[in-house]
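Lettering of chains follows the sequences in order, A, B, ..., and the numbering in each one begins at 1.
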Amino acid sequence: MTERVGPKNYCLLAEFATTEEILHAAKSAYAHGFRRMEAYSPMPVEGLAESIGFERNRIPLVVFIGGVVGGSLGYLLQWYSAVVNYPLNIGGRPYHSWPSFIPITFETTVLMAAFAAVFGMLAMNGLPRPNQPIFGVERFALASQSRFFLSIKADDPLFDPNTTYQFLEGLNPYEINRVES
Amino acid sequence: MSDGSQRPAGDESPVPEPDYTIESVTDKISSIVLVRPYGYGWLVGFTISFVLMMVLLLATSVLFIKGVGIWGVRTPVMWGFAIVNFVWWVGIGHAGTLISAILLLLKQDWRTSINRFAEAMTLFAVACAGLFPILHLGRPWVFYWLFPYPNTMGMWPQWRSPLIWDVFAVTTYATVSLLFWYIGLIPDLATLRDRSKNRVAQIAYGILAMGWSGSSRHWHRYRTTYLLMAGLATPLVVSVHTIVSFDFTIAIVPGWHSTIFPPYFVAGAIFSGFAMVLTLTIPLRRIYGLQGFITAKHLENMAKIILTTGMIVAYGYFIEAFMAWYSANPYEMHQVLNSRPKGPYAHTYWQLIACNCLIPQLLWIKWFRTNPLALWVISIIVNIGMWLERYVIVVVSLSSDFLPSSWAMYHGTKWDYATLFGSMGLFLMLLFLFVRVLPVISITEMRELVHEQAGHDESHGAGGTKP
């Protein structure tokens, strides 16, 4: 896998001008049987991820776990230090004075949930990844500005450099690029 | 407008103005950073704020050499400007989170024009706020003792003290605000990476954008994350100022020991925060020609929020006075009904009432809500009023608490003022830098908004014009 003998096909990249066109193209490609594909847009497009078969993500689960872990650790820290490790009698209050522990427990819950959300999102998205094969396509710079792209990856079982190219042409794109890795 | 039902009631002008497209939005906002040369005005503004920040540096250097004795704090008033400034700055920060998180969850589309800028304001205000409690420590170089870490002294923080809650609340708030701001920026950083012609800028934005490609799977996770972060930030922002108010209410000092404090501190924070957003965006939209994005409607909406929260704050003052009287506690009654309105700090108290309760009432009149200059002046008055409010709470209560024999006056010294104005310099300098290097309006969200509006206005899809 790692040995690289010359450039290899990575994907075919078709460019579209509007959200309607990219949605239609993505749905057609999915219906045609392609699975290893990706759509790119300068802003989130309603239904685009779903149209290439990505229905749900696991961010909420990760955030929930982060929150539970953060809250538990925050409370445990206070309980351990105030009850076990260094009990200190302050005005006869109980060592385990749980109402006083709530604000910090809340803060650590939010903190860990937020860390889980952001770093979980980045990790699942495979970021940071400053350079990617598709960045070699000059017009792909427009993917972050105003244009929409659909890529079909070379490792898709149905991928064939010529027939897939013809299929994409049938979707009436503005341009098609071969991307090599 | 065909989609009037989609908008909040009372909406007259569209946001942003209707002739923008995805391309022109991208072009207009990114060109502020990438194309527009930095002007004379920017340089002058940056220089002034930089000089002020140097004043802060000088004041803190002298503080580190000589100690807190250079400030006006003396027994019995041991919390002076530092705590006033801390509460003031934290409060200012809250509008940013409110705009970015709460208005997002409430689906208020108009927030899109101001959320990025307001979030930056939050970060910089919290940075200024965070300085003060640390400077206020007798030995600021051991500030990390506030955090629980295994140490050779075998000690732990005192968890029953609101001061340690504050440490956690403010650091969490600063961290979450930074993360929220940064993930909001990632797609825009990718736009800047792809649009900039300068090699250094390409590399810098490229590193910060982390290789964002706009993949639909990424967007899917991104949107969930953004929404969840908004959901987390919303209770967080309420908790932060609640905990700040606990610094006062958990103590038994007359004038502090009151259950109205948490809600009225939160309302006051939003009040002063929106005032600061107005103080900053009114010149910003004029200088950078952003009236098409930050419209009269934004100014009016913010003015309405100031009016509303201002009345909540006024209600807070009233309930404080009523409860002091109703409690029949001599100390509380003396503090709230005597010391504040009639004591040696009466002029400060009445100035605060004028700034926070009376002058904002002008916002009932539409002319004041829509005239940028009038609104700008009112916003500054509100900021001053909120600073005075914290001054009255902190100083008047401490200077005349239980025993008349231990009463004493407090006045800030020149170093107190140098630190206050210096922190404003730091704040403004960071904002000037922000305006130069990052997009002041979220390009991505603006594209979404423009696209949505185009979809609503014309039922047929936009024609595929090919560049």
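- Both the backbone and the side chain of A/I52 come within less than 4.5 Å of a heavy atom in chain B.
- Top candidate by heavy-atom pairs under 4.5 Å with chain B, chosen from A/A26, A/P128, A/S146, A/P44, is A/P44.
- Contact annotation for B/L232: both backbone and side-chain heavy atoms come within less than 4.5 Å of a heavy atom of chain A.
- Interface residue B/R160: backbone and side-chain heavy atoms are both found under 4.5 Å from chain A.
- For chain B, the option among A/A143, A/P60, A/G120 with the highest count of heavy-atom pairs below 4.5 Å is A/P60.
- Residue-level contacts of residues 180-194 of chain B with chain A, in order of numbering, are B/I183, B/I186, B/A190, B/T191, B/R193, B/D194; threshold 4.5 Å between heavy atoms.
- Within the 4.5 angstrom heavy-atom criterion, no atom of B/E445 approaches chain A.
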Side chain to side chain contact (heavy atoms under 4.5 Å, CB included) for A/L77 and B/W159? Distances and angles first, verdict last. CA-CA 10 Å; A/L77 168 75; B/W159 304 114; 3.7 Å; yes
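- Panel note: side chain B/R447, backbone A/Q145; a donor-acceptor pair is recorded below 3.5 Å.
- Expressed to the nearest 0.5 Å, how far NE2 of B/H218 lies from CG of A/N125 amounts to 4.0 Å.
- Considering every non-hydrogen atom in both A/Q132 and B/S213, the closest pair reads OE1-CB, 3.8 Å.
- When heavy atoms are compared at a cutoff of 4.5 Å, B/P157 does not approach chain A at all.
- Of the listed residues (B/T175, B/L227, B/V167), the greatest number of heavy-atom pairs within a distance under 4.5 Å of chain A belongs to B/T175.
- Between the OH atom of B/Y222 and the CG atom of A/L122 there is a distance of 10.5 Å, given to the nearest 0.5 Å.
- For B/V176 against A/A114, the heavy-atom pair with the smallest separation is CG2-CB, 3.8 Å.
- For the atom pair CG (A/L150) and OG (B/S216), the distance works out to 8.5 Å, reported to the nearest 0.5 Å.
- Looking at A/F135, only its side chain comes within 4.5 Å of chain B, counting heavy atoms on both sides.
- Using a 4.5 Å cut-off between non-hydrogen atoms, the part of residues 32-43 of chain A that approaches chain B consists of A/R35, A/M37, A/E38, A/A39, A/Y40, A/S41, A/P42, A/M43.
- Rounded to the nearest 0.5 angstrom, A/L48 CG and B/H220 NE2 are separated by 10.0 Å.
- Of the residues considered (B/S161, B/G206, B/A169, B/P162), B/A169 shows the highest number of contacts with chain A, using heavy-atom pairs under 4.5 Å.
- Here the straight-line distance linking atom CE of B/M155 with atom CG of A/N85 works out to 12.0 Å at 0.5 Å rounding.
- When heavy atoms are compared at a cutoff of 4.5 Å, A/L111 approaches chain B by way of both its backbone and its side chain.
- Only the side chain of A/Y80 comes within less than 4.5 Å of a heavy atom in chain B; its backbone stays farther off.
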Please evaluate residues B/T224 and A/R56 with respect to the criterion side chain to side chain contact (heavy atoms under 4.5 Å, CB included), reporting the C-alpha separation (whole Å), side-chain torsions for both, the decisive distance (0.1 Å), and the verdict. CA-CA 10 Å; B/T224 312; A/R56 35 190 313 199; over 6 Å; no
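- Chain A is approached within less than 4.5 Å, heavy atom to heavy atom, by B/S239, B/I243 from residues 237-252 of chain B, ordered by number.
- Between A/Y86 and B/G154, the shortest heavy-atom contact is CD1-O, 3.0 Å.
- With respect to chain B, the highest number of heavy-atom pairs below 4.5 Å among A/R58, A/E46, A/M124 belongs to A/M124.
- Counting heavy-atom pairs closer than 4.5 Å to chain A, the top-ranked of the candidates B/I207, B/L228, B/I443 is B/L228.
- In this structure, chain A has a heavy atom under 4.5 Å from the side chain of B/T26, while its backbone stays farther away.
- When the candidates B/T444, B/T171, B/L179, B/I164 are compared by the number of heavy-atom contacts under 4.5 Å with chain A, B/L179 comes out ahead.
- Using a 4.5 Å cut-off between non-hydrogen atoms, the part of residues 99-109 of chain A that approaches chain B consists of A/S100, A/F101, A/P103, A/I104, A/F106, A/E107, A/T108.
- Rounded to the nearest 0.5 Å, atoms CD (B/Q158) and OG (A/S81) are 9.5 Å apart.
- Looking at A/V63, the atoms closer than 4.5 Å to chain B (heavy atoms on both sides) all sit in the side chain, from C-beta outward.
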